[in-house]
Amino acid sequence: VVAAAIKPGVTTDQLDRICHAMTLMNGAYPSPRNYMGFPKSLCTSVNEVVCHGIPDARPLEDGDIVNLDITVCLNGYHGDLNE
């Protein structure tokens, strides 16, 4: 669902909100949120950012390379996905 929303003009903050809503709707909790002060529900690495980028208000541009790092906790277990 989150990856399907990636397109020029969308911000990584918007992707974070989608991820947060979908995670909660499925009974899980976004593992990165508030972990060691991390302010968001997923990590978004755009272009030269290697990993663990923090979502922000910069609109994505055509040709941007976007990695989504989504980690959730469900029933006491953490699961991680990178797309």
Side-chain angles (χ1 to χ4, degrees):
V1 171
V2 182
I6 296 173
K7 62 183 175 185
V10 171
T11 68
T12 52
D13 271 337
Q14 290 171 300
L15 299 175
D16 180 72
R17 286 192 293 275
I18 294 168
C19 178
H20 187 80
M22 290 302 300
T23 300
L24 295 180
M25 282 179 21
N26 285 284
Y29 185 81
S31 299
R33 189 166 193 85
N34 298 320
Y35 177 74
M36 305 279 297
F38 193 82
K40 301 292 181 170
S41 295
L42 82 157
C43 299
T44 54
S45 303
V46 180
N47 297 326
E48 72 280 349
V49 177
V50 176
C51 66
H52 302 137
I54 301 173
D56 61 25
R58 182 184 74 81
L60 296 173
E61 298 178 13
D62 189 36
D64 278 346
I65 299 168
V66 181
N67 176 268
L68 303 174
D69 184 355
I70 299 171
T71 307
V72 302
C73 183
L74 180 63
N75 299 326
Y77 295 93
H78 294 270
D80 184 59
L81 168 74
N82 269 278
E83 289 192 297

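Just so it is clear, the values below take in all heavy atoms, side chains as well, and ignore hydrogens, waters and symmetry mates.
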Would you mind writing out the side-chain donor-acceptor pairs for residues 15-24 within the sub-3.5 Å range, not counting sequence neighbours?
from  : atom 1 : to    : atom 2 : distance (Å)
Asp16 : OD1    : Ser41 : N      : 2.6
Asp16 : OD1    : Leu42 : N      : 3.2
His20 : ND1    : Ser41 : OG     : 2.7
Thr23 : OG1    : Cys19 : O      : 2.7

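- Here the side chains of Thr44 and Leu68 are in contact, with some heavy-atom distance below 4.5 Å.
- Clustering of Ile, Leu, Val, Met, Phe, Trp and Tyr by side-chain heavy atoms under 4.5 Å joins Ile54 with Phe38.
- Taken together through direct or relayed side-chain contacts under 4.5 Å among Ile, Leu, Val, Met, Phe, Trp and Tyr, Val2 and Met25 form part of one hydrophobic cluster.
- Applying the under-4.5 Å side-chain rule to Ile, Leu, Val, Met, Phe, Trp and Tyr, the cluster around Val49 consists of that residue alone.
- Asp64 meets the salt bridge (charged side-chain N to carboxylate O under 4.0 Å, His left out) test with Arg58; sequence neighbours excluded.
- Annotation: salt bridge (charged side-chain N to carboxylate O under 4.0 Å, His left out) contacts involving residues 45-56, sequence neighbours excluded, are absent.
- Listed by first and then second residue, the salt bridge (charged side-chain N to carboxylate O under 4.0 Å, His left out) pairs that reach into residues 32-41 are Asp13-Lys40, sequence neighbours excluded.
- Within the structure, salt bridge (charged side-chain N to carboxylate O under 4.0 Å, His left out) contacts touching residues 3-12 (residues at least two apart or in different chains) do not occur.
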Distance-only check: which donor-acceptor pairs under 3.5 Å involve side-chain atoms of residues 69-83, not counting sequence neighbours?
from  : atom 1 : to    : atom 2 : distance (Å)
Thr71 : OG1    : Asp80 : OD1    : 2.5
His78 : ND1    : Ser31 : OG     : 2.6

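- Summarising the local packing, CG of Asn26 is surrounded by more than 12 heavy atoms from other residues, nucleotides or ligands at distances under 6.0 Å.
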